[in-house]
> 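Once you've had a glance at the structure underneath, I'll fire off some questions.
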2 protein chains.
Amino acid sequence: MEGMRPGCTGQGTVSCSICHILTRTEWSALPAPALRTLSDAIVRREFGAGESVYAMGESNRGIHCISGGMVGIRKLDEHGNSVLLGLAYPGDTLGYRSFLCDEDHKTSAEALGPTVICFIDAATISRLLQLHPELGRRFFRRATHDVEKAHDALIKNATLCNRARFIHVLLLLIKHHGEIDDDGARRIDLPLSRRDLASMIGTRHETLSRIIGRLESEGLAEFSGRHVHVPRIDALMRDLDQRLPQ
Amino acid sequence: MEGMRPGCTGQGTVSCSICHILTRTEWSALPAPALRTLSDAIVRREFGAGESVYAMGESNRGIHCISGGMVGIRKLDEHGNSVLLGLAYPGDTLGYRSFLCDEDHKTSAEALGPTVICFIDAATISRLLQLHPELGRRFFRRATHDVEKAHDALIKNATLCNRARFIHVLLLLIKHHGEIDDDGARRIDLPLSRRDLASMIGTRHETLSRIIGRLESEGLAEFSGRHVHVPRIDALMRDLDQRLPQ
DNA sequence: ATCGAAAATTGACAATCGTCAACTGGAGAA
DNA sequence: TTCTCCAGTTGACGATTGTCAATTTTCGAT
């Protein structure tokens, strides 16, 4: 199977019942015996940065569950433009919508660094869903949450300028990847290229370069390649309040 | 009950099994006896233009199903900006997500003209869902479809300029409300204010005024208040192809 | 270490956009 | 009717953006 690595532990060697991110996943709706069924069925796969987990248009053979690392959810429009719709982290389930609707993948998922993903095949999920209707309700909740996330993004696009949208993305990334210095400053190594960052806020990469330049000249952040240093994160947040429209 | 009109036929007088828009709704998953249960339970309500069907933050007591007319789905951000997220037409179900997740309404729904809406109370839905699991699957499909619609809107926002986004909205409205003249030209009475149209494409109403002005000076459309005349609709669509980025 | 391709930055310029302001026009109330 | 209010339009202006182009930097492969 593509993506399988020599170090992959393969089937049945991971226990979902002791998975530390279980409480974040939809599977936590299952009782212990069902979790054993799940553990026996999952296939653990490791991905390197840039590797595709699945691609738009592919048929969907099961559900992916992120155990470690980070995944970018991408979509291409009819003209080949790539837009990064969102980021997924350990505990997030991928491909559940198209799987449960028996449709092809509507987005692409791509590892943004060393990533470990558990794959659960169609037959196992069908069995679990039939025995435990609560699992289906959890996935419905998840879909609802995804709608709300997309609506929030639409509202940000409609009401904020590019600069504010970028700061929002930056704060989100800091929340997930940032480290705190002794003086309270934050440091990150961005997991995304400038182009992907630009596509997330809906602008061109040249424009993003200029926004970054302005943030640097104002002392709000220092960028060096993918490394970012934010001396005072509250200054960034206050900048958002003062820059509501454009 | 607020919104009830003298002309409202009230409970049990509408048969869902003969509702002409039934094939479009999730309820078509139900067999005939369940449809009778549904018919007996629904409450038909009529709304005038601008009347609220439900508001953001209200508790959710059931599902609304549009029988006739048109509804705008609106959301307010934390600063009071109103954004029109989408339009709903006969056959569309409203408020199903927050209802099935047992949460408050996350959006507002507002009649954009004389509108007839059937309301199904919580107890009836719960009973139907329990007896007919397929109904739940239909709602899941609907949620998935809503995610994809929001993602498509995000991609349009990220890759198209305001002018192209407005033309997309205009074509959508023509599809639903347009009439065809003898010479093939289209006519519409827009169901939305300029401000709402602007919020849909994520810009200011002054900017929309200028975009409309340019479309008029190029002969692509004539605007007179809310009435629009599009002499050649294919010219509008061709304009989209030539104006991909900005 | 070197090379080459892709990513990223920067400049210049035209086009677009947001803001503020003034003005027009129509709908509803007194 | 007249008045007021609000949606809509238009103008002016500065700021931002997209595009094209040139250049620099980065990163992986050889």
Side-chain angles (χ1 to χ4, degrees), chain A residues 48-51 72 79-84 110 112-114 156-167 170 189-218 221-228 239 242-246, chain B residues 48-50 72 79-84 112-113 156-167 189-218 221-228 239 242-246:
Chain A
E51 276 191 277
H79 307 291
N81 299 307
S82 164
V83 177
L84 200 56
E110 166 193 323
L112 295 174
K156 281 202 178 72
N157 277 332
T159 59
L160 300 178
C161 63
N162 285 331
R163 175 187 168 120
R165 295 210 288 265
F166 176 60
I167 293 180
L170 198 55
D189 282 304
L190 297 175
L192 299 172
S193 69
R194 297 282 196 269
R195 283 180 148 78
D196 274 339
L197 285 170
S199 87
M200 283 189 82
I201 64 174
T203 190
R204 308 277 151 175
H205 63 279
E206 297 101 320
T207 300
L208 177 59
S209 266
R210 296 195 175 95
I211 291 172
I212 288 176
R214 272 174 248 158
L215 289 179
E216 284 198 302
S217 72
E218 295 173 28
E222 296 152 30
F223 292 76
S224 168
R226 289 197 173 190
H227 189 80
V228 189
D239 188 85
Q242 293 158 4
R243 206 174 297 267
L244 308 177
Q246 171 144 141
Chain B
H79 306 290
N81 299 307
S82 164
V83 177
L84 200 55
L112 295 174
K156 280 203 181 73
N157 277 331
T159 61
L160 300 178
C161 63
N162 285 332
R163 175 188 167 120
R165 294 209 289 267
F166 175 61
I167 293 181
D189 282 303
L190 296 175
L192 299 171
S193 70
R194 296 284 195 266
R195 284 178 147 79
D196 274 341
L197 285 170
S199 88
M200 283 189 84
I201 64 174
T203 191
R204 307 279 151 177
H205 64 279
E206 297 100 322
T207 299
L208 177 60
S209 266
R210 294 194 175 95
I211 290 173
I212 288 175
R214 272 174 248 157
L215 290 179
E216 286 197 301
S217 70
E218 295 172 26
E222 295 152 32
F223 291 76
S224 169
R226 290 198 173 192
H227 189 80
V228 189
D239 189 85
Q242 294 158 3
R243 207 173 298 264
L244 308 176
Q246 171 144 142

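Just so it is clear: chains get the letters A, B, ... in the order the sequence lines come, proteins before strands, and each one is counted from 1.
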> Using a cut-off of strictly less than 4.0 Å, decide whether A/Arg214 has a side-chain nitrogen or oxygen near OP1 or OP2 of D/dT17.
yes

> For A/Arg163 and D/dA15, what is the distance between atoms CZ and C1' respectively, to the nearest whole Å?
13 Å

> Could you name each residue pair satisfying salt bridge (charged side-chain N to carboxylate O under 4.0 Å, His left out) that touches residues 192-203 of chain B, not counting sequence neighbours?
B/Arg74-B/Asp196

> Each nucleotide in nucleotides 4-14 of chain C should get exactly one letter: B, S or -. Can you fill that in based on protein heavy atoms under 4.0 Å?
---SSBBBB--

> Just jot down the side chain to side chain donor-acceptor pair (under 3.5 Å) partners of A/Arg165, sequence neighbours excluded, or say none.
A/Asn157, A/Asn162

> What are the two closest non-hydrogen atoms of A/Leu84 and A/Ser199, and how far apart are they?
N-OG, 3.0 Å

> Just how far, in rounded Å, is C1' of D/dT26 from CG of A/Asp189?
15 Å

> Calculate the interatomic distance between B/Arg165 atom CZ and C/dT16 atom C1'; express it in whole Å.
12 Å

> Apply side chain to side chain contact (heavy atoms under 4.5 Å, CB included) to residues A/Leu190 and A/Leu170 and explain how you reach the verdict.
CA-CA 9 Å; A/Leu190 297 175; A/Leu170 198 55; 4.2 Å; yes

> Could you pull out the closest heavy-atom pair between A/Thr159 and B/Arg204, with the gap in Å?
O-NH2, 4.4 Å

> What's the CD1-C1' distance between B/Ile201 and C/dC17, to the nearest Å?
12 Å

> Quickly work out the A/Asn157 CG to D/dT17 P distance and round it to whole Å.
13 Å

> When the distance from CZ of B/Arg204 to P of D/dT16 is rounded to whole Å, what number comes out?
15 Å

> Not counting sequence neighbours, which residues clear salt bridge (charged side-chain N to carboxylate O under 4.0 Å, His left out) with A/Arg210? List them please.
none

> If I take atom CZ in residue A/Phe166 and atom C1' in nucleotide D/dT16, what distance separates them, rounded to the nearest angstrom?
16 Å

> Specify the separation, in whole Å, of atom CG of A/Asn81 and atom C1' of D/dG18.
14 Å

> Hey, what bend do you get for the helix from C/dA1-D/dT30 to C/dA30-D/dT1 if you fit axes on five pairs at each end, rounded to 10°?
40°

> Run the side chain to side chain contact (heavy atoms under 4.5 Å, CB included) test against A/Ala158 and tell me which residues pass, sequence neighbours left out.
B/Val83

> For the residue pair B/Leu192 and B/Met200, what are the closest heavy atoms and their distance?
CD1-SD, 3.8 Å

> For D/dT17, does OP1 or OP2 lie under 4.0 Å from any side-chain N or O of A/Asn162?
yes

> Carefully, step by step, assess B/Thr203 and B/Phe166 under the rule side chain to side chain contact (heavy atoms under 4.5 Å, CB included).
CA-CA 10 Å; B/Thr203 191; B/Phe166 175 61; over 6 Å; no

